[in-house]
Every structure is written in structure tokens, then in C-alpha cells.
There are 2 protein chains.
Amino acid sequence: MGKKDTKERILDAAELLFAREGYHPTSLRAITKEADVNLAAVNYHFGSKEALIKEVIARRLLPLNALRSKRLQEVKDEAQRKKQKPPIKDVLRAFIEPTLKFRESGRGARAFVTLVGRAITEPDDTVRNIFMELIQPLFRQMFELADESLPHLPKDIILWRLHFAIGALTHTMHCMDKCIMPPPGVEQPGAQALSSIIIDYAAAGMESAHES
Amino acid sequence: MGKKDTKERILDAAELLFAREGYHPTSLRAITKEADVNLAAVNYHFGSKEALIKEVIARRLLPLNALRSKRLQEVKDEAQRKKQKPPIKDVLRAFIEPTLKFRESGRGARAFVTLVGRAITEPDDTVRNIFMELIQPLFRQMFELADESLPHLPKDIILWRLHFAIGALTHTMHCMDKCIMPPPGVEQPGAQALSSIIIDYAAAGMESAHES
DNA sequence: CAAAAATTCAAACGATCGTTTTAATCATAC
DNA sequence: GTATGATTAAAACGATCGTTTGAATTTTTG
């Protein structure tokens, strides 16, 4: 296997540096140097820095969302087959598990997860919208399935509780990178265990009673 | 009342713009123009852009953390007085309620909350550390109180569940700003109601059983 | 009021940014 | 082999960045 082509090398380097330094602080010069390509290659192959971050996000998020969507559909099908409501824990697992599993699948994937975790809070409208438009359909799908799972709850409660789960998940992924401030004597669970911990937590929160 | 002094006008403008555009993309020229002061005023009064963001954060976070710390201490005292374990919902409320209430107290406060919500994910080490060092003692205090509240749970479980609550809270505040993607026909609750919704959610997640 | 200190101001510094240009190099087709 | 198109290369563009300078101005002090 020879070295990858220019476009892929740029995408890999951009993914790494955008995750490590952020979108704005990362210069095209740093990216092209890391990728060992000419400075002009970014504008030649992608057109602009903005188009580059767009491709960096889409390259991984589209397959990941397809997987999550497939998992959600399986939960829905299984519920229909059993003529039961879909268990909320399965709904949450279909979204959360692929995310954390994908993060462990490699160096680039890990950088990417850091990157999209920050995309939600990104102040730059264009960058944030790139991510939002890709996540919106999946979030809608999960919301409708959660609504089927917990029909006794008001829709706005379900909506916010799903947001809480997403917030917990993204915050967790940031903490796994660098924000851990564990008190002395507290061990950190592995990624697999953490997956269960967060799913249990989110499911308990989703299922909790709600008196209007 | 005449106009505020230069330092305060700079802090207000910086708070607003850092929240709206982010730290790196916001230039000192934009800040000083918004504050209607000379460009050199920032370096004269604060020394550097980094020292400015430091003061922007500290100015509001120190009083807010003092309030949250006081609320936590009250929960601890009340539990000791009753010779009972502190209710986890009270622990969470002591942290969450002041945050959302503070956010509603004014335009600057709202911008500030947006700003610190993003500080956790900030890639720039110096900026993130400014925030981390200020939040660390409070987080530790909350952790120890939660540990008293739920002594049957392993410490690492408590730690991560607290992180989940913080993640849910910060994500919620981002959503209140701009990431809301409500499906059609779903009403959004007011800030007061939202405070209860998130506290109930976090408490249910904290209390959920844990089989090792 | 005059001297001294603090603050404001306009201007410029060197550095870095994303992007463009133009020529050189490579691959591919006839 | 030579012409054609795709890619790479080096260099420069104009713009903007944080910071500094030194004089003008305001405020404070004796």
C-alpha cells in the first residue's frame, strides 16, 4: 500500500487539527504541513477552508448516522413485531452505543468525535449549521421513536429529556479527552462500561414520572 | 448615572462578543468598537487579550460559584440538622437552579452563561484552564455531598452521573440560545419550568439502581 | 494654578491569515 | 512522441490580527 492520495491526507490532517486546536485557530498552513502537501492543495481540491470542514464532518458523520438510524429502525421493527412499545433503553442504546464504539475504532475517529462534540457549541453559524443539518433527521427519528416508547409523557418533556441525553453524551466525550477532574481515589471505568453507565442514567431520566 | 468606566465597558462588550462569536474569532478591534473605547485600551487596562477573557470569566463566575457553594452548604447543614442523608434532588437543585436563574437576570448574564457553557469544550488550553480552575472546587464540593447522599453507589458512578447532569445543563443552555430543533407542534416550556424538568431528570438518573 | 500621574488617542509594527496567481510537473490520450 | 488535462509547486496578494509606541489629553495631586 502506497501513501493515500492528497484529498484523503488533507482530510485526515484537518480532522486531527480541527479536533485538537479548533476550527478557527487551525490554519491551512498547519493542515497542509501536517498532511505533507502544498498549501494551495486545499483550495484546489476543496475550494475553501469552509468547504474543507464540511467534508471533514460529512465523511464520517454520514456513515455514523446511517448506522445509528439503522439501529433505531431495528428497535422500531422489533417493537412492531412484538406489538409492544419500543423500550426506551433500546432507543437510547441505538444512538449512544454506536457513538462511543465508533470513537474507539481509531485515532481519526476519536478526533472526529471530539470535533462533532464541539460542533453543537460552535459559535460560527456556518460551521454549526453544517453539523445541524446532518444530525436533524436522525434526531427527529429518535424523537418519534421515544414518543412511541413513552406515550404518556408530553412531547416537550420527551424532547428536552432527549436533549439532556445528548448533552450528557457529548459532555462525556469531552471529559474522556481532557476535562476529567476525578477526586483522588476514584477509578475511571473503561469505555465499554461507560457506555452502559450513561445508557442506564439516560433511561432512568427518560422514564421518571412527570406530574404536570 | 453617567456612563460606566472604560474597564467595565470593555468587559461588557467582550462578554457579549465572546459569547456571540467565540473567543478566537472576536478581535480586539470589534470589542473596543462595541465598547466605544480606543483599541489600545484593552492592552492598557488588562495587558492582553488572554488576560481580558480571564477577567470576563472571573467577574461573573466567582459570585455565581459563591452562591452555588452557599446553596450546597445549606443542603449539607440541613441534612446534618435532621441527621439524614442530603436528598440528591436538593444537591442538584443547589447547582442547577442558580445557574438558570442567573441566566435570566440580564443580557450580560445570559451572554456569560453561553460563554462558560462553551468554555468546557474550548480547545485552547489556556482559556479552558481559566474556567476549569474556577469550577473545580465547586465540583468537588458537589461530588462529596452527592457521595453522602448516595453512599450505596460507587464513587466513579457518582462522578460520571454528576458529569452527565452538568452535560445536560450546559447543552440545555446552548439549546436555549440557538440549537433548538423542535418537531412541529411541540411547545417549549419556560425557563422556570425547564429548571424543574432538568432537576427531575438528573435526580432520577442519579438515583437509578446500579448492579455492578 | 502648576506639576505629576493616569488615561486616551492615532498610527504603525511585524506576523499570520485565506486565497489567488503563474509556472512547473505529472499523468493520460491520441 | 506529442498534445491535453490534472495536479503540484513556489510566490505573492490584500486583509486582519494582537501588540506597541509616543504624543495628546484628561484627571489627580500638592
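Proteins come first, then strands; the chains are lettered A, B, ... in the order of their sequence lines, and each starts at number 1.
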Greater than 12 external heavy atoms within 6.0 Å of B:Lys49's NZ: yes

Under-4.0 Å salt bridge between B:Asp12 and B:Lys4: yes

Between C:dT8 (P) and B:Lys7 (NZ): distance, integer Å: 11 Å

Phosphate-side-chain proximity, B:His45 and C:dA6, N/O vs OP1/OP2 below 4.0 Å: no

Contact state string [nucleotides 20-28 of chain D, B base, S sugar-phosphate only, - no protein heavy atom under 4.0 Å]: BB-------

A:Thr6 side chain near D:dT7 phosphate (N/O to OP1/OP2, under 4.0 Å): no

A:Phe112 and A:Phe102 aromatic ring geometry - parallel, tilted or perpendicular at 30°/60° bounds: perpendicular

Whole angstrom value for the distance that separates C1' of D:dT8 from CG of A:Asp5: 14 Å

Any B:Leu11 side-chain heavy atom under 4.5 Å of B:Leu52 side chain: yes

No-hydrogen, no-angle side-chain donor-acceptor test under 3.5 Å, A:Ser208 and A:Arg161: yes

Plane angle bin for A:Tyr23 and A:Phe18 - parallel if under 30°, tilted between 30 and 60°, otherwise perpendicular: tilted

Polar pairs (N or O, both sides) under 3.5 Å between protein and nucleotides 14-17 of chain C?
| unit_1 | atom_1 | unit_2 | atom_2 | d |
| --- | --- | --- | --- | --- |
| C:dC17 | OP1 | A:Ser27 | OG | 3.3 |

Candidates B:Asp124, B:Thr126, B:Asp125 - the one meeting side chain to side chain donor-acceptor pair (under 3.5 Å) with B:Arg128: B:Asp125

Side chain of B:Asn38 - closest among C:dC9, D:dT7, D:dA10: C:dC9

Test item: B:Arg20 and B:Leu17 side chains (from C-beta on) under 4.5 Å apart, heavy atoms: yes

